[in-house]
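These notes are about the structure you will find just below.
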Amino acid sequence: MNKYRSHNCNQLRKKNVGDKVILSGWINKKRDHGNLLFIDLRDNYGITQCIIDKENSNFSSLEKMQLETVIKIEGKVVDRSSETINKEIDTGEIEVTINKFEVLGACKELPMPVFSEQEYAEEIRLKYRFLDLRRKKIHENIILRSKVISFIRNEMNNLGFLEYQTPILTSSSPEGARDFLVPSRLNPGKFYALPQAPQQFKQLIMVSGFDKYFQIAPCFRDEDARADRSPGEFYQLDLEMSFVEQEDVFKVVEILLTNTFKKFSKKKLMFDKFPKISYSDALLKYGSDKPDLRNPLIIRDITEIFERKDVSFEIFKKLVKSGSRVRCIVTKNTKNKPRSFFDGIDKWAKDQGASGMAYFTFEKDNEIAAKGPVGKFFSEDSLKELMKKTGAEVGDSIFFACNKVKELEKITASARDKIASELDLIDDNSFAFCWIVDYPMFEENQISKKIEFSHNPFSMPQGDLKKIDFKDPLNILAYQYDIVCNGIELSSGAIRNHIPELMYELFSIAGYDKSQVDSKFSGMINALSYGAPPHGGIAPGIDRIVMLLANEKNIREVTMFPMNQNAQDLMMNAPSEINDNQLKELNLTIKSKK
RNA sequence: GGGGGUGUAGCUCAGUUGGUUAGAGCGAUCGCCUGUCACGCGAUAGGUCGAGGGUUCGAGUCCCUUCACUCCCGCCA
């Protein structure tokens, strides 16, 4: 028998009554009755109630043990009387009477309680992450994460994919996010970059003939954090397949995600077959390329209404003449909502930096009328036309805003979320997946007016490759797709461009000449010239998948050792200063801060 | 880089219109308690009210500056 334990803390049952056992674990909780002491002993597996009374010589020292001390106890399993059974824990029908105990790991006074549902400041949780991780919810989240990853690995293997590792020290790439850089000692003045994703490597794996690749891949991007975005590093289920079309990738991902979400969550999937929404449709109907489809509200363009003579809402009419659009959200049967609801949305929109949201409710007495502060500007005919256009009925309300398309999309998208949450329209018990497809290959930079890759420079343009109009790049669509679940972007992927000449052509539109492409993407562009298979893939974010499954709103709740918002590890004190020798070896000098 | 929120005991928080000695629960320490499972009861210790400056007879409270954490915008092929 192992000297630390004969059983774990979740193993003993009624059938063990009478057994002599050894248990080890943390003191989760003590209940001291003076002459009788209960100790909840906890390990990874569960909790066992241990008990000792004054007759035992160990009583007084055990009584003084600090919570979270690691102890080993020897004792006997005894039955609990029916009134004292604890149904909350698996071992609740028995308890262990302690004969002997030994301290295995002493514990100082705790900076934060472990046994508590209480929420704590992030700072203290991250500094004492090893204590935080002992707490039930997050401990279970991390275990869930492990199980999800292992399940995914297994599924991928079953789907015929093999896992390959790719380098962590690689080269900086000019597109995309800011790189994390690592100075090279052997090559003074030169830097490695940590991969933002193994993008080029996985394509090279396809060129190397491996056909189906996957990896639970660490990715590093030096961008600012958000609740659903760790600073620094995150993990993707990176996958790539040869000789495939877009639909083949979709099929694999739908199988994988459906199986994973069905296995690890009780929430229902809203769609068995994930709907496909084009990028342009998504922006029009949801104002966003990551729509939450649990939300039934749809945005509609009603600009034409403001070009009518019998509409006298002059502020909007004037804006429309100068190129702005008007878009609206209709809410069903909201005529009895209090004025404060409508004004609340308007005020909220103003707080978001928009010029507010106009609104009215469709009413009918003798004729159709618009009730609300701006209702008087609309004729009956114009209201009928509006109802036809939007599907609104008497009793419904309409919220609308006017602005340039980009700003309008932004404000209507958040208004859509805001209104739905005010009206409680979102079913929190479901997952709504969708594909966003047909991304444009390029977009115009709002400030510099330069043409840039809108997503991934390695994507394959759509259509007959011989007929692509490179003179009109903003109209080129790509075989580029995202998968979205409940408004969270889970991943993006593409069918890749495996034709070097086409690649040079596309890069030249984005302002890179041949020699720049050759030097920046040397590995890949070179490889594509030696017989590259058509290929494509995708890379769902593991952290976000686990976040959805664990029903958490913050990615740090599913990350074992996360950094804070300023990309500092408060437990390990990273980043830290390095000594002069290290700097010297790396040929670096630090500019003194002002 | 910008905007919002928060910062008071080891932890979670309360603190009125600016007014005497800044409070509670948990935790810690000590005492009482043989059936609890958030055990109970009593006592004690524990405070640079994030920091600095200002207004005032008087500041946890008002003003300015600044720092930390967090949420959002920018950024994230």
Side-chain angles (χ1 to χ4, degrees), chain A residues 28-41 47-56 59 63-64 66-68 78 80-89 91-92 95 97 107-128 131-132 173-179 195-197 199-200 219-232 234 290 351-353 407 410 414 439 441-443 446-447 452-459 478 480 482 489 492-494 496 506-507 510 520-521 539 541 553-554 556 564-566 568 570:
Chain A
N28 192 56
K29 193 71 189 165
K30 286 184 302 185
R31 287 174 296 280
D32 187 354
H33 291 240
N35 293 311
L36 180 71
L37 172 67
F38 296 97
I39 288 182
D40 290 340
L41 199 64
I47 286 175
T48 301
Q49 174 165 282
C50 302
I51 184 166
I52 186 167
D53 70 20
K54 215 172 186 173
E55 306 300 308
N56 190 298
F59 183 85
E63 203 182 16
K64 288 190 180 65
Q66 193 39 268
L67 295 183
E68 295 304 311
V78 299
R80 290 208 210 181
S81 67
S82 59
E83 323 84 74
T84 60
I85 285 173
N86 183 353
K87 293 196 176 93
E88 305 290 310
I89 54 175
T91 60
E95 59 198 6
T97 54
C107 179
K108 297 199 285 188
E109 187 178 341
L110 295 164
M112 56 178 281
V114 171
F115 176 67
S116 169
E117 308 274 301
Q118 188 80 59
E119 304 225 26
Y120 302 98
E122 203 79 22
E123 199 172 355
I124 195 139
R125 293 185 57 194
L126 294 184
K127 183 167 178 193
Y128 296 96
L131 290 179
D132 192 37
S173 73
E175 286 288 321
R178 200 176 292 113
D179 283 318
Q196 295 181 24
Q199 180 65 36
Q200 294 188 60
C219 304
F220 306 90
R221 296 177 192 175
D222 187 4
E223 298 294 348
D224 288 350
R226 287 289 183 278
D228 64 350
R229 202 165 83 203
S230 288
F234 62 97
K290 38 180 183 176
D351 290 344
Q352 301 300 299
E407 285 74 26
K410 198 178 284 176
S414 20
Y439 276 81
M441 189 81 213
F442 299 99
E443 63 189 4
Q446 293 289 294
I447 300 154
E452 296 175 344
F453 286 108
S454 73
H455 246 63
N456 184 322
F458 306 121
S459 299
Q480 166 86 46
D482 272 17
E489 183 192 320
S492 63
R496 320 297 173 187
L506 295 169
F507 266 97
K520 288 296 180 187
F521 306 104
K553 291 205 161 49
N554 194 301
R556 292 186 296 274
N564 70 6
Q565 195 168 43
N566 292 323
Q568 299 160 339
L570 299 176

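Below, read A as the first sequence line, B as the second, and so on, with proteins coming before strands; counting in each chain starts at 1. Predicted, not measured: the structure shown is a model, and the values here were computed from it.
- In this structure, U6(B) forms a base pair with A68(B), meeting either the Watson-Crick or the G-U wobble geometry with both donor-acceptor distances under 3.5 Å.
- Atom CD1 of I124(A) and atom C1' of G10(B) are 8 Å apart (whole Å).
- Summarising the geometry, the separation between CG on L110(A) and P on U29(B) is reported as 11 Å, rounded to the nearest angstrom.
- Within the 4.5 Å cutoff, no side-chain heavy atoms of F234(A) are placed close to those of D228(A).
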Under 3.5 Å donor-acceptor pairs involving side-chain atoms of residues 112-119 of chain A, not counting sequence neighbours:
{"residue": "S116(A)", "atom": "OG", "partner": "Q118(A)", "partner atom": "N", "Å": "2.9"}
{"residue": "S116(A)", "atom": "OG", "partner": "Y120(A)", "partner atom": "OH", "Å": "3.2"}

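- E123(A) comes within contact range of the sugar-phosphate backbone alone, with a heavy-atom separation under 4.0 Å but no base atom that close.
- As a whole-Å value, the separation of R125(A) CZ from U6(B) C1' is 16 Å.
- U61(B) and U17(B) have their C1' atoms separated by 10 Å, given to the nearest Å.
- Straight-line distance between the P atoms of A24(B) and G47(B): roughly 15 Å, to the nearest whole Å.
- Mapping K30(A) and E63(A) onto RNA chain B by nearest heavy atom places E63(A) at the nucleotide closer to the 5' end.
- When the P atom of C37(B) is taken as reference, atom CD1 of I52(A) falls 20 Å away, rounded to whole Å.
- A distance of about 16 Å separates the P atoms of U20(B) and C49(B), rounded to the whole Å.
- If you take CD of E109(A) and C1' of A9(B), they are 11 Å apart, rounded to a whole angstrom.
- The phosphate of C71(B) has OP1 or OP2 within less than 4.0 Å of a side-chain N or O from N554(A).
- Across all strands, S454(A) comes closer than 4.0 Å only to sugar-phosphate atoms, never to a base (heavy-atom distances).
- By the criterion of a centre-to-centre distance under 5.5 Å and near-parallel planes under 30°, the ring of H33(A) forms a stack with the base of C39(B).
- A heavy-atom distance below 4.5 Å is not found between the side chains of Q196(A) and E223(A).
- Ionic pairing of D40(A) and R31(A) is present here: one or more N-O contacts between side-chain nitrogen and carboxylate oxygen are shorter than 4.0 angstrom.
- Taking the C1' atoms as reference points, G15(B) lies 23 Å from C69(B), given to the whole Å.
- A9(B) and A14(B): their P atoms are spaced 12 Å apart (whole Å).
- A 3.5 Å limit on both hydrogen-bonding distances identifies A43(B) as the Watson-Crick or G-U partner of U29(B).
- The side chain of Q568(A) approaches C69(B) more closely than any other nucleotide in the set C69(B), C33(B), C71(B).
- With RNA chain B read from its 5' end, the first of the two nearest nucleotides for A121(A) and Q66(A) is the one closest to A121(A).
- Considering only side-chain N and O atoms, R31(A) lies nowhere under 4.0 angstrom from the phosphate OP1 or OP2 of U36(B).
- Looking at N554(A), its side chain does come within 3.5 Å of a backbone N or O of R556(A) through a donor-acceptor pair.
- Counting only heavy atoms from C-beta outward, the side chains of K30(A) and F38(A) never approach each other to under 4.5 Å.
- For Y439(A) and N456(A), the side-chain atoms include no donor-acceptor pair closer than 3.5 Å.
- K29(A) comes within contact range of the sugar-phosphate backbone alone, with a heavy-atom separation under 4.0 Å but no base atom that close.
- Of all nucleotides present, none satisfies the Watson-Crick or G-U wobble test against G18(B) with each distance under 3.5 Å.
- Listed nucleotides: G10(B), U70(B), C33(B). Nearest to the side chain of P111(A): G10(B).
- A 3.5 Å limit on both hydrogen-bonding distances identifies C73(B) as the Watson-Crick or G-U partner of G1(B).
- Going from the P atom of G1(B) to that of G40(B) covers 49 Å, rounded to whole Å.
- Listed nucleotides: A38(B), U70(B), C33(B). Nearest to the side chain of N564(A): U70(B).
- Taking atom CD1 of I47(A) as the reference point, atom C1' of U36(B) lies 14 Å away to the nearest angstrom.
- Not a single donor-acceptor pair, N or O on each side, falls under 3.5 Å between the base of G25(B) and the side chain of Q118(A).
- The partner of U55(B) cannot be assigned: no Watson-Crick or G-U wobble pair with both contacts below 3.5 Å exists in any strand.
- Annotation: side chain to side chain contact (heavy atoms under 4.5 Å, CB included) contacts of K520(A) (sequence neighbours excluded): P174(A).
- Below 30°, between 30° and 60°, or above 60°: for F507(A) and F458(A) the angle between ring planes is between 30° and 60°, a tilted geometry.
- Among the protein residues, D222(A) comes within range of no part of the nucleic acid, since none of its heavy atoms lies under 4.0 Å from any strand.
- A straight line from NZ of K87(A) to C1' of U36(B) spans 16 Å, rounded to a whole angstrom.
- Backbone-only contact: Y120(A) has heavy atoms under 4.0 Å from sugar-phosphate atoms and none from a base.
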Quick one: which protein N/O atoms are closer than 3.5 Å to N/O atoms of nucleotides 72-75 of chain B? Pair and distance per line, please.
{"residue": "C72(B)", "atom": "OP2", "partner": "A227(A)", "partner atom": "N", "Å": "3.0"}
{"residue": "C73(B)", "atom": "OP2", "partner": "R226(A)", "partner atom": "NE", "Å": "2.8"}
{"residue": "G74(B)", "atom": "N7", "partner": "R226(A)", "partner atom": "NH2", "Å": "2.6"}
{"residue": "G74(B)", "atom": "O6", "partner": "R226(A)", "partner atom": "NH1", "Å": "3.0"}
{"residue": "G74(B)", "atom": "O6", "partner": "R226(A)", "partner atom": "NH2", "Å": "3.1"}
{"residue": "G74(B)", "atom": "N1", "partner": "D224(A)", "partner atom": "OD2", "Å": "2.6"}
{"residue": "G74(B)", "atom": "N2", "partner": "D224(A)", "partner atom": "OD2", "Å": "3.3"}
{"residue": "C75(B)", "atom": "O2'", "partner": "E223(A)", "partner atom": "OE1", "Å": "2.5"}
{"residue": "C75(B)", "atom": "O2'", "partner": "E223(A)", "partner atom": "OE2", "Å": "3.4"}
{"residue": "C75(B)", "atom": "O2", "partner": "R229(A)", "partner atom": "NH2", "Å": "3.1"}
{"residue": "C75(B)", "atom": "N3", "partner": "R229(A)", "partner atom": "NH1", "Å": "3.4"}
{"residue": "C75(B)", "atom": "N3", "partner": "R229(A)", "partner atom": "NH2", "Å": "2.8"}
{"residue": "C75(B)", "atom": "N4", "partner": "R226(A)", "partner atom": "NH2", "Å": "3.3"}

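- For the pair N86(A) and U36(B), the criterion of a side-chain N or O lying under 4.0 Å from OP1 or OP2 is not met.
- Atom name P, nucleotides U6(B) and U55(B): the rounded distance is 27 Å, in whole Å.
- The closest side-chain donor-acceptor pair between N564(A) and E123(A), if any, does not fall under 3.5 angstrom.
- Using a 4.0 Å heavy-atom criterion, one finds that E119(A) contacts the sugar-phosphate atoms exclusively.
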